[in-house]
Amino acid sequence: QVQLVESGGGLVQAGGSLRLSCTASGRSFSTYVVAWFRQAPGKEREFVVGINQSGTSTKYADSVKGRFTISRDNAKNTVYLQMNSLEAEDTGVYYCAGDVHIFVVTSQGLYAFWGQGTQVTVSA
């Protein structure tokens, strides 16, 4: 089992940047696909981006392609989400999730382990 903790959220102006971190406890982190989801007020939680175990394969939602970059450092048990050119529509609670999969999956129901979330607020 793995525990995930997000950090790095905050308030930023539109056009600005933030870097989120998802740090895991447990020895099996390197065997997990990790994804970021977000939930805006009044909306359902949605897939943002995911990365495979080795960091060689990623999948992005169309809405963040070219602006967000996911990476991981298995030696530090951490996945990063670099968010640039932030827009008001990026506002929400960002969650990292992990589970063992052959490839990156986008359905939240397929991830067993979740962090508590970190708030990202982008002011227009």
> Does Asn52 reach the side chain of Thr58, with side-chain heavy atoms less than 4.5 Å apart?
Replying inline: no

> What residues, two or more places apart in sequence or in another chain, satisfy side chain to side chain donor-acceptor pair (under 3.5 Å) together with Arg67?
Replying inline: Asp90

> Which residues satisfy the side chain to side chain donor-acceptor pair (under 3.5 Å) test with Ser85, sequence neighbours excluded?
Replying inline: none

> Would one find more than 12 heavy atoms of other residues, nucleotides or ligands at under 6.0 Å from atom CD of Gln3?
Replying inline: no

>> Can you confirm whether the side chains of Arg45 and Gln108 place a donor and an acceptor under 3.5 Å from each other?
In response: yes

> If every non-hydrogen atom of Leu18 is compared with every non-hydrogen atom of Val12, which pair is closest and at what distance?
Replying inline: CD1-CG1, 4.0 Å

> With sequence neighbours left out, what residues match Ser17 under side chain to side chain donor-acceptor pair (under 3.5 Å)?
Replying inline: Asn84

> Can you list every pair that meets ring pair (Phe, Tyr, Trp, His ring centres under 6.0 Å) and has a residue in residues 60-94, with sequence neighbours left out?
Replying inline: none

> Got a second to check how far Leu11's CG is from Ser123's OG, nearest 0.5 Å?
Replying inline: 5.0 Å

> Under the ring pair (Phe, Tyr, Trp, His ring centres under 6.0 Å) rule, what pairs show up with a residue in residues 9-35, not counting sequence neighbours?
Replying inline: Tyr32-Phe113

> Would you say the side chains of Ser54 and Thr56 form a donor-acceptor pair under 3.5 Å?
Replying inline: yes

>> My understanding is that only residues two or more places apart in sequence, or in another chain, count here; which of them pass salt bridge (charged side-chain N to carboxylate O under 4.0 Å, His left out) with Lys65?
In response: Asp62

>> Among residues at least two apart in sequence or on other chains, which ones pass salt bridge (charged side-chain N to carboxylate O under 4.0 Å, His left out) with Glu46?
In response: Arg38

> Do Glu6 and Leu20 come close enough that some side-chain heavy atom pair is under 4.5 Å?
Replying inline: no

>> I'd like to check Leu81 versus Arg19 (side-chain heavy atoms, cut-off strictly below 4.5 Å). Are they in contact?
In response: no

>> Suppose we screen for side chain to side chain donor-acceptor pair (under 3.5 Å). Which residues come up paired with Gln119, at least two apart in sequence or across chains?
In response: Thr121

> Applying the 4.5 Å side-chain criterion to the ILVMFWY set and letting contacts propagate, would Val100 and Val2 be lumped into a single cluster?
Replying inline: yes

> Of all residues at least two apart in sequence or in a different chain, which pass the side-chain contact (heavy atoms from CB on, under 4.5 Å) check with Glu89?
Replying inline: Glu87

> What pairs meet the disulfide (SG to SG under 2.5 Å) rule with one or both residues in residues 20-124, with sequence neighbours excluded?
Replying inline: Cys22-Cys96

> In Å, rounded to the nearest 0.5 Å, how long is the span from CG of Asp73 to OG of Ser21?
Replying inline: 10.5 Å

> Apart from Val104 itself, which Ile, Leu, Val, Met, Phe, Trp or Tyr residues share its cluster (side-chain heavy atoms under 4.5 Å, direct or through members)?
Replying inline: Val33, Phe37, Phe47, Val93, Tyr95, Ile102, Phe103, Val105, Leu110, Tyr111, Trp114

> Are side-chain heavy atoms of Thr91 and Val120 found at a separation under 4.5 Å?
Replying inline: no

> Which atom pair, heavy atoms only, marks the closest approach of Thr106 to Lys59?
Replying inline: CG2-CD, 3.5 Å

